[in-house]
Protein chains: 2
Amino acid sequence: MALQAVQKKPECDAIACQDCGLYQLCLPMGLNSADTMLLDRYVKRKRIVKRGQILYRLGEEFTCVYAIRSGSVKTYISTADGRLQITGFHIPGELLGLSAIDEKRYNCEAMALETTSVCEISLNCFEELARQIPSVHYQMLRMMSKEIKHNQNLMLLLGKKNAEERLATFLLTLSKRFAMRNYSATQFNLSMSRGDIGNYLGLAEETVCRILTRFQEEGLIASERRRIALNDLERLGSIAHEPYSGVTRALPRVRVSHSR
Amino acid sequence: MALQAVQKKPECDAIACQDCGLYQLCLPMGLNSADTMLLDRYVKRKRIVKRGQILYRLGEEFTCVYAIRSGSVKTYISTADGRLQITGFHIPGELLGLSAIDEKRYNCEAMALETTSVCEISLNCFEELARQIPSVHYQMLRMMSKEIKHNQNLMLLLGKKNAEERLATFLLTLSKRFAMRNYSATQFNLSMSRGDIGNYLGLAEETVCRILTRFQEEGLIASERRRIALNDLERLGSIAHEPYSGVTRALPRVRVSHSR
DNA sequence: CGCCCTGTTGAATCTGGTCAAACTAAGTGG
DNA sequence: CCACTTAGTTTGACCAGATTCAACAGGGCG
């Protein structure tokens, strides 16, 4: 039954897995080599988009999901009067576009932050894939569930955290995502501008700068332009005030908090 | 193929559909009477929770999804130091808990805002249901896709809108959801407190009050405590600055906006 | 009937935004 | 290769919207 995850050991090798984010969808299902072969057939086109180019537009017909191979992408929505809100930054190994399933139209716009290579998987192929390997459906549910959780944490950040907490949270979240993909957790470069970071976190560009300098003065980080090093994950963590995970015990005593 | 929605006319009657939110999952699939019968078998328990009682806790094992029959529920997450962020208000006909699928634990806490009646559908039953009616999977994807879109709009609100815009957006969104379920779009009562509204919108309780009074002075609404009437949907809409839908043309000229 | 919770209003404070300007890095074209 | 342009980043001064603190009013429930 698809709803119960098959938890065999994955057998496709790490290189192939890193090569294309589509594997992320199937890896946790424990595909055998045959399935992995099968998978390869469904990756139709590889596409390169340059910095600033659009991968898909808001409202455009939902035709493909995209798996990022290298580079990075931002997704954003906007008010009718033109204010943008960046809803996510996406790095290699991540899958894009799935949430368009309901309306058959992309519900955000995706723009490359740097030269980016993606796999395009057409919807038809994807459906065929799900027919061949039923637990793909379950895997899709898991990924969307993960995205919902991520978005809820972002809502907590936007609704309740102050500027310092937002920046610290942002840096640590990035760090964890890089670490998960075997990149350095303490040293990486930001493919997005200060403006983008501010936009994403609900802060002004200037505030982002000021707080980064403050972090630097306090020895928490070292940053020069896009290059950044996290020198004190510990202290950053205590600044960030991560969401409560709830595994140890019930929620802490309710403090019907106002924001901030 | 499940990914392609079956778009037959629904055949189960409206009363049954309103009776239990589970139908919402199946309605758009165009179930025939036999399937509808089948569905009934999977609704195991009905449960009544009183105001302030918890439906499920954060981190608790994912055992059931809940369909709201009557009343209303708030869901929220929190920082480790006890600040809460309400992530959603839920009204009759809506389904709760689906996003726990990834981690097999509820990723938020759900509390009744008033005396509320829900259907508990155990995961096992749900899986059995999906086995019997394959497009249930597809329907789940659609619902989660819808939730993601909703959350993104909330991120836009929290990141870029000022207090007036937030309140106007909130009232209109509620109005639309009520209208969709054949309740009045212009007159309803808020089951949540001013504090809850403020928490949800990233504002202080006092700010919510002040702006509601301002709206009332300007004749946009009439409100006395929990009872509210929207007198000028038009003008509320222009205050709200709804998200750009993207159907007519490309995104408006980029204005790399700071927040507020 | 009185207490308590929710909602409302006022005044002071402050975080973070806006505006302006300088500076740096990276292109770009002559 | 260099002057020039452009985009991105940083810092300072000032300001405004929203929060905080506080006091009070009114309903509803025990």
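This structure is a prediction, so every number in the text was calculated from the model and none was measured. So you know, we letter chains A, B, ... as the sequences are listed, proteins then strands, and number each from 1.
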side-chain hydrogen bond (donor to acceptor under 3.5 Å, both in side chains) assessment of Ser117(A) paired with Lys46(A):
CA-CA 7 Å; Ser117(A) 162; Lys46(A) 285 165 189 161; over 6 Å; no
Is the Tyr56(A) to Tyr66(A) ring centre distance short of 6.0 Å?
yes
Please state how far atom CZ in Arg194(B) lies from atom C1' in dT8(C), giving the value in whole angstrom units.
9 Å
Strictly below 4.0 Å, N to O, side chains only: are Glu120(B) and Arg47(B) in salt-bridge contact?
yes
Report the residues that fulfil side chain to side chain donor-acceptor pair (under 3.5 Å) with Glu164(A), sequence neighbours left out, ordered by chain and then residue number.
Arg214(A)
Arg83(A) atom CZ is separated from dG17(C) atom P, nearest whole Å, by 14 Å
By side chain to side chain donor-acceptor pair (under 3.5 Å) - contacts of Arg194(B) (at least two apart):
none
Distance check needed: dT20(D) P versus Lys160(A) NZ, whole Å only.
10 Å
Got a sec? Which of residues 209-229 of chain B come in under 4.0 Å of DNA chain C, heavy atoms?
Cys209(B), Arg210(B), Thr213(B), Arg225(B), Arg226(B)
Is the shortest distance from a Lys or Arg side-chain nitrogen in Glu94(A) or Lys146(A) to a carboxylate oxygen in the other one below 4.0 Å?
no
Send over the distance from Arg51(B) CZ to dC4(C) P, rounded to a whole Å.
17 Å
Name all residues meeting the side chain to side chain donor-acceptor pair (under 3.5 Å) criterion together with Glu103(B); count only those two or more places apart in sequence or in a different chain, and write none if there are none.
Lys149(A)
Rounded (10°) bend between the five-pair end axes of the helix from dC1(C)-dG30(D) to dG30(C)-dC1(D)
40°
May I ask you to verify if any side-chain N or O of Arg166(A) is less than 4.0 angstrom from the OP1 or OP2 atom of dT15(C)?
no
Give Ser193(A) one of three labels, base, sugar-phosphate or nothing, depending on what nucleic acid heavy atoms sit under 4.0 Å from its own.
sugar-phosphate
Does any pair with a residue in residues 220-233 of chain B pass salt bridge (charged side-chain N to carboxylate O under 4.0 Å, His left out), and if so which ones, sequence neighbours excluded?
Asp232(B)-Arg235(B)
Without decimals, in angstroms, what is the distance between Asn199(A) CG and dT18(C) C1'?
16 Å
What is the separation between atom CG on Leu158(A) and atom C1' on dG16(C), rounded to the nearest whole Å?
15 Å
Under 3.5 Å side-chain donor-acceptor pair for Thr75(B) and Thr87(B)
yes
If you check every side-chain atom of Glu206(A), which of dG16(C), dC19(C), dG17(C) has the closest atom?
dC19(C)
Atom CD of Glu114(A) to atom C1' of dA7(D): distance rounded to whole Å?
17 Å
Can you tell which of dA18(D), dG7(C), dG16(C) lies closest to the side chain of Thr207(A)?
dG16(C)
Rounded distance in Å - CG (Leu167(B)) to P (dA18(D)):
11 Å
Selected nucleotide, minimal atom distance to Glu205(A) side chain, candidates dA18(D), dG7(C), dT9(D):
dT9(D)
